[in-house]
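The chain is numbered in sequence order, starting from 1. The figures here come from the full heavy-atom set of this structure, side chains too, leaving out hydrogens, waters and symmetry mates.
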Amino acid sequence: QVHLVEFGGGFYQPGGSLRLSCAASGSIFTIVSMAWYRQAAGKERELVATIISGGSTNYADSVKGRFTISRDNAKNAWYLQMNSLKPEDTAVYYCSADVQFGVRSYQRQVYWGQGTQVTVSS
């Protein structure tokens with residue numbers, strides 16, 4: 001079993017910055033990829049950013065140039081630096097990880113954090 005815990009949500013003003021953190025613990029052989037998703041009220045969950053083991057990243061168009069995803073493999077942790085916040089960034093943010101829990105490459109499962117609320121408002 002693998003547990004993901006998120007940190008860093010809260011209330012922020014437009015133009016501000018924050019950093020979300022996610023830490024994974026449990027039966028982890030390696031984390032293949034890490035991601036951040038968000039879900040605004042009344043909307044579907046959407047992918048915000050991903051980072052794979054090699055370090056390649058991918059971002060939603062709505063956050064490109066403002067958000068940066070990074071990872072610390074030694075700590076099984078990853079982060080989302082959010083700059084130039086906009087009211088439309090308001091959502092519950094979820095971290096997610098594609099975890100390989102055994103030596104076989106097919107021994108993988110996706111896990112989710114509990115979510116953390118980010119509210120951007122003046």
Side-chain angles (χ1 to χ4, degrees):
Q1 187 69 16
V2 174
H3 297 281
L4 306 186
V5 180
E6 297 139 342
F7 304 92
F11 190 95
Y12 299 87
Q13 292 190 336
S17 298
L18 78 147
R19 188 175 84 153
L20 300 180
S21 302
C22 186
S25 62
S27 301
I28 300 170
F29 180 77
T30 188
I31 300 180
V32 178
S33 65
M34 302 162 169
W36 288 96
Y37 287 75
R38 67 185 181 186
Q39 187 168 18
K43 295 187 177 181
E44 294 186 353
R45 190 173 299 187
E46 64 172 351
L47 178 64
V48 176
T50 60
I51 184 167
I52 64 174
S53 58
S56 296
T57 59
N58 187 49
Y59 298 92
D61 288 342
S62 58
V63 306
K64 281 181 181 177
R66 300 188 299 121
F67 291 8
T68 302
I69 188 171
S70 60
R71 63 188 287 170
D72 184 334
N73 291 332
K75 297 181 179 180
N76 284 331
W78 57 108
Y79 313 94
L80 185 68
Q81 179 66 40
M82 304 166 63
N83 298 329
S84 302
L85 289 169
K86 303 177 180 180
E88 50 263 44
D89 294 323
T90 296
V92 177
Y93 283 73
Y94 298 90
C95 63
S96 175
D98 183 354
V99 177
Q100 182 177 332
F101 52 85
V103 297
R104 305 289 185 180
S105 60
Y106 60 80
Q107 294 174 304
R108 287 165 59 171
Q109 186 167 337
V110 176
Y111 293 91
W112 292 85
Q114 78 283 0
T116 184
Q117 176 71 45
V118 173
T119 302
V120 182
S121 175
S122 56

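Counted by atom type alone, Arg45 and Ser96 present zero donor-acceptor pairs between their side chains at under 3.5 Å.
Using cut-offs of 30° and 60° on the angle between ring planes, the pair Phe67 and Tyr93 is tilted.
With rounding to the nearest 0.5 Å, the separation of CG in Leu18 from CG in Asp89 is 9.0 Å. Summarising the geometry, atom OG belonging to Ser33 is positioned 11.0 Å from atom CG belonging to Asn58; distances are rounded to the nearest 0.5 Å. Phe29 contributes atom CZ, which lies 12.5 Å from atom CZ of Arg108 (distance to the nearest 0.5 angstrom). Rounded to the nearest 0.5 Å, atoms NE2 (His3) and OG (Ser27) are 9.0 Å apart. For the atom pair CZ (Arg38) and SG (Cys95), the distance works out to 15.5 Å, reported to the nearest 0.5 Å. Atom CG of Leu47 sits about 12.5 Å away from atom CH2 of Trp36, to the nearest 0.5 Å.
Without hydrogens or angle criteria, Glu6 side chain to Gly115 main chain gives a donor-acceptor distance under 3.5 Å. Distance alone, capped at 3.5 Å, is enough to place a donor-acceptor pair between the Arg71 side chain and the Ile52 backbone. Although no hydrogens or angles enter the test, the distance criterion places a donor-acceptor pair under 3.5 Å between the side chain of Trp78 and the main chain of Ala35.
Residues Tyr94 and Val2 do not share a hydrophobic cluster, clusters being chains of Ile/Leu/Val/Met/Phe/Trp/Tyr side chains in contact below 4.5 Å. By the criterion of side-chain heavy atoms lying less than 4.5 angstrom apart, applied directly or through intervening Ile, Leu, Val, Met, Phe, Trp or Tyr residues, Leu4 is grouped together with Val48 in one hydrophobic cluster. Under the 4.5 Å side-chain contact rule for hydrophobic residues, Ile31 and Trp112 do not share a cluster. Note on Val5 and Val110: separate hydrophobic clusters, where clusters join Ile, Leu, Val, Met, Phe, Trp and Tyr whose side-chain heavy atoms are under 4.5 Å apart, directly or indirectly. When the side chains of ILVMFWY residues are joined at heavy-atom separations under 4.5 Å, either directly or via intervening members, Tyr37 and Val63 end up in two distinct hydrophobic clusters.
Here the closest heavy-atom approach between residue Ser70 and residue Ile51 is recorded as CA-CD1, 4.0 Å. The two residues Leu85 and Arg66 make their nearest non-hydrogen contact at CA-NH1, 4.0 Å. Here the shortest heavy-atom pairing between Pro14 and Ser122 reads CD-N, 3.7 Å. Of all heavy-atom pairs spanning Gln117 and Ala91, the tightest one is NE2-O, 3.5 Å. Shown here for Ile28 and Asn76, the closest heavy-atom pair between the two residues is CD1-ND2, 3.8 Å. In terms of heavy atoms, Ser84 sits closest to Ser17 at N-OG, 4.3 Å.
Seen from the ring of Tyr79, Arg19 counts as a face-on cation partner, given the 6.0 Å and 45° thresholds.
Here Asp61 pairs with Lys64 in a salt bridge; the nearest charged N to carboxylate O distance falls below 4.0 Å.
At least one side-chain heavy atom of Tyr59 sits under 4.5 Å from a side-chain heavy atom of Thr68.
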